[in-house]
Amino acid sequence: DNPHSQGNLCPRGQSGLMNTYDPDRVLTPLIRVGKRGEGKFRKASWEEALDFTASKMKEIKDKYGPEAMVFSSTHNLSQVQFENLLYAYGSPNYGTQRSLCFNAMIVANLTTYGMEEPERIYDEKLKYIILTGRNLMEAISTSETSALSHAIDRGVKVVYLDPRYTKTASKATEWLPIKPGNDLAFHLALLNTIIGEGLYNKQFVEKYTVGFDQVTQEVTKYTPEWAEPLTGIPADTIRRIAREFAAAAPNALAHNGWRTSNFVNSFQTERAITILNAIVGNWGTTLKTAGSEESAALGAPPQPAYPRVSALRLDGVPWKYPFVPLKIGVFQELRNGILAADPYQAHGWFIARQNPILSLPDRQKTLKVFSQMDFIATVDIIMNDTAWFSDVILPEASYLERYDPLLPIGDKVFLRQPVIEPQGEGKSALWIYKQLGERLGLGDYFQYKDEEDYINQQLAPLGIKVDDIKAKGYAEFSEENPVGEESAEPTWNTASGKIELYSDALTKSGFPGIPVWEEPPQPANGQYYLLTGKVAQYTQFGTQNNQLLHKYSDEPRLWMNARVASQRGLADGDWVNVTSEVGNINILLHATEAIRPDCVYMTPGFGHLSKGLTTAFGVGASDSVLHVTYTDPISGGQALSQTFVTVKKA
Ligand SMILES: Nc1nc2c(c(=O)[nH]1)N[C@H]1C(S)=C(S)[C@@H](COP(=O)(O)OP(=O)(O)OC[C@H]3O[C@@H](n4cnc5c(=O)[nH]c(N)nc54)[C@H](O)[C@@H]3O)O[C@H]1N2
Ligand SMILES: Nc1nc2c(c(=O)[nH]1)N[C@H]1C(S)=C(S)[C@@H](COP(=O)(O)OP(=O)(O)OC[C@H]3O[C@@H](n4cnc5c(=O)[nH]c(N)nc54)[C@H](O)[C@@H]3O)O[C@H]1N2
Ligand SMILES: [Mo]
């Protein structure tokens, strides 16, 4: 009944049992005994590990102030209590995965619609969709992937832009192997045609948007002929797609993408996409306001107000990045703040459910930052690469063994509950954060006895208890506890109250108020764009040690265009050496037609440093070793496809 999974599991869900039964699970707290990174740990009791962690965190706070402690975590169900610990402790330094992922899309939506991300509607009405590097068939979002599959069955036209021929390309009506970094030129040319030929929705534009004239004026120069050499897509094709898209509107959708962190111009690309949607008037047909994961209808334990934060953040939000929400941040830039001690020196790092050693670009830089820390604690279920370089590891129980805070979706609220006894001594994050909070003298912020009591306090306004929903797994909000009405007339949380095609806020901050062409950097002769991208059977940097998933996967290889490989005297299966400005690796070559000649591609998440991952260690190589850190000055998104590499026989 969960609208996300709809009763289906993808390969990772099917293999989830081996997440719990991984022989490499960390099943007791561990404290480092050898040098950092040497991998020598001793088992500790929870008492000792928690006392140790809290005493270190207290020492840092007392000596240097709470800002000297960095907290980072990737979005998950217990995030709300992670944030509670962070805010109660009083540090402004919060690292999330967002800027590695979708900051460009979020900030574009915020500046245009005043919301982070609208929900996309894939019902029978949808006739036409443009996917800009959104590989939905492999980079799975369960409900959306299945919605797109059904839409394809119904005959929706899919235009897919990706320098690689992915599984989504194979299902698309049209695959456009666009030159990396030039999606902005493609979308500006769509705007040029649709506006130039008067194919936009005049009524909608007039009633609900501001800045149409400025956009019109700017895009006049961005003709399909102008975009052809930049994108590698014929002008006629661009013009035809613009006409088809407008003709299908409002049953047309230009997808915002998700991991939109490809180039420093990705923010402008994202703005162009949001504007394209706005001017064809698809609001309410293929786009709508998204439901919230936080529900006002749920209760929460009582707690005092948080202490005031008086220090600036190390990642430059908002003093360098005024448009980036504090809860999102610019994670990759945090390291420069730490290395330069600007605005101050950081001393400790508390990490939960995150693997920054692999997920941040330029692994050597992250390792350098780690080496400067007085103290690092990690909450994980396995000895991931980040845990390997930590001083203490606090093992969480796996998702089949624990409770988490409730998840509201639409008019329901879903329960994660233990379905087996925890192995070893793994504990829930709810428990771990409360224990730490109490030891830090912050017990007032954690007024719940145990996990069930926490959930009962959440459910209190609904007049039910956790026992009432265990069998079904969810509760429905009753009439007396509505989730909130949707208003008939759309409103947007922008300064003008309308969709801002032109953003005054951007202009006043010194950025272009409308999307303008920004030339992306290009590889020099002999260099290739290094592309990264998800595969269906792995999640990020966390499932490579799953024995089931491993069993059905090949050794990850570097994709290179077959013609280019043969010209270079390289053959499929050769070992090659790949070098960027910041690192180099050896990897097996995969010569294939499925990629542009100017690109190579690597699956992320391999090349682990942790010998505590006996299945994954020694398999493949890490693209994070190669990635140079580039950050978009507006959205704070990293730019992963902007790393250029050379390739030679190893
Ligand atoms: N199985 C699986 N599913 C996942 C995840 C996972 O790890 N595993 N992760 C989830 C997460 S957190 C996210 S953010 C989403 C990501 O979802 P997506 O953003 O769809 O996935 P990615 O694979 O990161 O990137 C998509 C494609 O962008 C292409 N690309 C690179 N540079 C450019 C460019 O300049 N222009 C264009 N047009 N394309 C380019 C790459 O070749 C790649 O195929 O997936 C989610 N779903
Ligand atoms: N090269 C490259 N870099 C990228 C990307 C890319 O495509 N290529 N993608 C970017 C994107 S889109 C994102 S979202 C980020 C993701 O970056 P991260 O969030 O840092 O990566 P994950 O692998 O999702 O980290 C999850 C960690 O949680 C652990 N874990 C799994 N289950 C549990 C559990 O139940 N409890 C606890 N406590 N821990 C658990 C896993 O072992 C893993 O160590 O990476 C970004 N970086
Ligand atoms: Mo992501």
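Every number for a ligand or one of its atoms is a count from 1 in the order of the listing.
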(message) Within a 6.0 Å radius of atom CD on Glu421, are there more than 12 heavy atoms belonging to other residues, nucleotides or ligands?
(response) no
(request) With a 4.0 angstrom cut-off on heavy atoms, strictly below it, pick out the residues next to ligand 1 and order them by chain and number. (result) Arg12, Cys101, Gly133, Arg134, Asn135, Glu138, Ala139, Ile140, Leu161, Asp162, Pro163, Arg164, Thr166, Ile178, Pro180, Gly181, Asp183, Trp258, Arg259, Asn262, Phe263, Leu531, Thr532, Gly533, Lys534, Val535, Ala536, Tyr538, Thr539, Gln540, Ser641
(message) Once ring-ring contact (aromatic ring centres under 6.0 Å, His included) is applied, do any residues pair with Tyr403, and if so which ones, sequence neighbours excluded?
(response) none
(message) Show me which atoms of ligand 2 lie under 4.0 Å from any heavy atom of Val379.
(response) 38 (N)
(message) For Asn84, is there any backbone N or O sitting under 3.5 Å from a side-chain donor or acceptor partner on Tyr433?
(response) no
(message) Using the salt bridge (Lys or Arg N to Asp or Glu O under 4.0 Å) criterion, which residues pair with Glu138? Sequence neighbours excluded.
(response) Lys167
(request) Below 4.0 angstrom from a heavy atom of Asn384, which ligand 2 atoms are there? Numbered from 1 as shown, please. (result) 43 (C), 44 (O)
(message) With side chain to side chain contact (heavy atoms under 4.5 Å, CB included) as the test, pick out the partner of Asp623 among Pro604, Pro556, Pro361, Ser580.
(response) Pro604
(request) Number the atoms of ligand 2 from 1 as they appear, then name those within less than 4.0 Å of a heavy atom of Ile382, with their elements. (result) 42 (O)
(request) Using a 4.0 Å heavy-atom cut-off, say whether Gln544 meets ligand 2 through its side chain, its backbone, both or neither. (result) neither
(message) Can you give me the closest heavy-atom contact between Cys599 and Pro163, atom names plus distance?
(response) SG-CB, 3.9 Å
(request) Taking atom CD of Gln364 as the centre, report whether more than 12 heavy atoms of other residues, nucleotides or ligands fall under 6.0 Å from it. (result) yes
(request) Check ligand 2 against Arg402 and write out every atom of the ligand that is under 4.0 Å from a heavy-atom position of the residue. (result) 34 (C), 35 (O), 36 (N)
(request) Mind listing the closest non-hydrogen atom pair of Ser261 and Ser266 along with its distance? (result) C-OG, 4.5 Å
(request) May I ask you to list the atoms of ligand 2 that are less than 4.0 angstrom from any heavy atom of His627? (result) 1 (N)
(request) Examine Ser398 against ligand 2 and note whether any of their N/O atoms are separated by less than 3.5 Å. (result) no
(message) Is the contact between Asp380 and ligand 2 made by the side chain, the backbone, both, or neither, using heavy atoms and a 4.0 Å cut-off?
(response) both
(request) For residues Leu358 and Ser622, report the shortest heavy-atom separation together with the two atoms involved. (result) CD2-OG, 3.6 Å
(message) Suppose we screen for salt bridge (Lys or Arg N to Asp or Glu O under 4.0 Å). Which residues come up paired with Arg259, at least two apart in sequence or across chains?
(response) none
